[in-house]
2 protein chains.
Amino acid sequence: MKSQKELSKTDHSTEDKIKNAARLIFHKKGYAATRTRDIAEEAGINLALLNYYFRSKEKLFDIIMLESLQGFLHSIKEVFNNEETSLENKIETLVSNYIDLLIEQPDIPLFLLSELRNNPNELVSKINIKQVLMNSYFIKQFKHAMNDGIIATMNPLHFIMNILGMTVFPFIASPILKSLSDISPADFEDLMNQRKILIPNWIKGMLIV
Amino acid sequence: MKSQKELSKTDHSTEDKIKNAARLIFHKKGYAATRTRDIAEEAGINLALLNYYFRSKEKLFDIIMLESLQGFLHSIKEVFNNEETSLENKIETLVSNYIDLLIEQPDIPLFLLSELRNNPNELVSKINIKQVLMNSYFIKQFKHAMNDGIIATMNPLHFIMNILGMTVFPFIASPILKSLSDISPADFEDLMNQRKILIPNWIKGMLIV
DNA sequence: GATTTTTTTAATCATTTGATTAAAATATTT
DNA sequence: AAATATTTTAATCAAATGATTAAAAAAATC
């Protein structure tokens with residue numbers, strides 16, 4: 001089990017050291033609350049180096065943001081466009097993969113959602129999430145099963161909201177959930193691991209005609 | 001249907017004008033990204049007045065934060081401790097109330113979750129969410145029904161995560177969801193209103209033994 | 001209506017913070 | 001080894017930003 005910091009791939013080059021530090025702090029505090037000096041300190045470099053390599057805070061942020069978003073979508077892409085697996089299998093794999101990802105990097109969802117909130121972000125259109133998700137093989141399978149009466153009729157958006165809501169929300173709300181009961185971080189992780197099995201079962205229950 | 005701004009209760013007094021402006025901007029941009037000058041401009045007052053009435057940005061923020069958190073918990077409190085209603089009824093009421101609340105004030109969840117993320121917040125302990133939720137009549141009913149074999153066995157936390165996840169998450173992720181498909185804000189609101197019926201049904205499905 | 005208190009304003013301060021610059025240190029090339 | 005290019009640093013700048021102050025305006029009190 002590696003810590004967030006150790007996890008940061010080989011920071012051999014100075015550029016990587018800065019990027020890894022930036023990722024860590026941006027993810028934890030968001031753009032506005034992050035000081036370039038904090039990044040420099042975390043990276044163990046002089047502040048001027050940050051601007052030497054990345055020109056500005058904003059450009060550095062854009063790089064981190066793009067990579068984070070791509071990384072987060074990568075899991076979905078992989079699963080959604082696999083033409084070999086069943087609908088059920090996709091649900092199981094998606095939930096399980098995401099819970100693993102979120103246990104490792106619990107700050108990612110709140111980071112992404114906060115930063116995408118207002119920004120008239122070209123990123124979202126750049127990445128073309130719509131194409132990736134709504135035109136995926138997974139959605140085709142889903143619609144097909146609906147037409148064949150195998151699963152209940154439902155707007156696919158409801159379906160996606162339910163999967164993501166049940167999977168991602170606990171991590172977003174973990175500070176509150178942890179204070180709700182007296183669960184330790186280890187207990188919380190156990191609960192999340194239980195959900196790898198539970199969520200797919202609940203989801204399947206929603207699909208029964 | 002009032003806009004967020006008009007909704008702001010009677011800003012008769014200067015103090016109220018400032019608080020309402022602060023609430024609007026803090027909710028939308030978060031603490032770090034908010035400039036006291038923006039609040040002053042939104043309130044239509046001189047910047048010095050903000051400090052005259054509230055001493056500092058931080059003190060003003062603390063007031064808004066406390067009120068927002070209390071407001072958000074108020075809905076739960078009301079429903080959870082009603083000893084007249086059934087478990088099913090509580091679920092329906094809670095989901096319906098929250099969806100109404102979130103349609104009116106969609107910025108609240110991301111605001112609360114972002115700001116509570118790191119802060120070693122005394123607020124959370126001050127408000128004592130634990131007492132409100134985990135020792136509520138609702139949880140008693142839930143545990144009782146489990147013991148009697150009326151509903152499936154499940155950690156109550158899973159149950160709360162599922163209700164809140166399915167209810168709140170779509171609003172947090174709405175910027176992305178809206179770009180996912182081509183739904184208009186009106187379409188989105190329709191979807192959310194559908195969920196007032198759908199979510200309680202899905203939840204009940206999870207509880208079947 | 002004069003006096004005192006409260007509210008509001010314009011101007012300014014001090015600190016923070018993103019960014020730059022010129023020089024030093026290090027690495028690379030010739 | 002000398003010359004050149006690259007990387008790093010310390011010092012500093014300029015703008016943004018939270019906060020204060022002293023004076024003006026308005027309201028309340030006598």
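The chains referred to below are lettered A, B, ... by the order of the sequence lines, with proteins before strands, and numbering in each begins at 1.
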Original post:
What does nucleotides 12-27 of chain D look like as a protein-contact string, B for base, S for sugar-phosphate only, - for none, at under 4.0 angstrom between heavy atoms?
Top reply: -----BBBBB------
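- In this view, A:H144 and A:D148 satisfy the side-chain hydrogen bond (donor to acceptor under 3.5 Å, both in side chains) rule, not counting sequence neighbours.
- A:K59 has its NZ atom 13 Å from the C1' atom of C:dG18, to the nearest Å.
- Distance CD1 (A:I25) to P (C:dG18): 11 Å, rounded to an integer number of Å.
- Distances shown here put every side-chain N or O of B:T14 at or beyond 4.0 Å from the OP1 or OP2 atom of C:dT7.
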**OP:** Could you walk me through whether A:N81 and A:F138 pass the side chain to side chain contact (heavy atoms under 4.5 Å, CB included) test, one step at a time?
**Re:** CA-CA 6 Å; A:N81 285 307; A:F138 174 71; over 6 Å; no
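- Atom CG in A:L49 sits roughly 14 Å away from atom P in C:dT26 (whole-Å rounding).
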Under 3.5 Å, which donor-acceptor pairs do the side chains of residues 159-174 of chain B form with other protein atoms, sequence neighbours left out?
{"residue": "B:N162", "atom": "OD1", "partner": "A:R195", "partner atom": "NH1", "Å": "3.3"}
{"residue": "B:N162", "atom": "OD1", "partner": "A:R195", "partner atom": "NH2", "Å": "2.6"}
{"residue": "B:N162", "atom": "ND2", "partner": "B:H158", "partner atom": "O", "Å": "3.2"}
{"residue": "B:T167", "atom": "OG1", "partner": "B:I163", "partner atom": "O", "Å": "2.7"}
{"residue": "B:S174", "atom": "OG", "partner": "B:F171", "partner atom": "O", "Å": "3.3"}

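- Using a 4.0 Å heavy-atom distance criterion, B:F54 is classed as making no nucleic acid contact.
- The existence of a salt bridge linking B:K130 and A:D182 is confirmed by a sub-4.0 Å separation between a basic side-chain nitrogen and an acidic carboxylate oxygen.
- The interatomic distance linking A:F61 (CZ) with C:dG18 (P) rounds to 13 Å, in whole Å.
- Residue A:E58 places its CD atom among 12 or fewer non-hydrogen atoms of other residues, nucleotides or ligands, all under 6.0 Å distant.
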Side-chain polar contacts of residues 28-38 of chain A - donor-acceptor pairs under 3.5 angstrom, sequence neighbours left out - could you list them?
{"residue": "A:T34", "atom": "OG1", "partner": "A:G30", "partner atom": "O", "Å": "2.6"}
{"residue": "A:R35", "atom": "NH1", "partner": "A:A32", "partner atom": "O", "Å": "3.1"}

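- Comparing the axis of the opening five pairs of the helix from C:dG1-D:dC30 to C:dT30-D:dA1 with that of the closing five pairs yields an angle of 10°, rounded to 10°.
- The nearest whole Å value for the distance from the CD atom in A:E41 to the P atom in C:dT17 is 12 Å.
- Here the side chains of A:L157 and B:I183 are in contact, with some heavy-atom distance below 4.5 Å.
- In this structure, B:K90 has no salt bridge (Lys or Arg N to Asp or Glu O under 4.0 Å) partners at least two apart in sequence or on a different chain.
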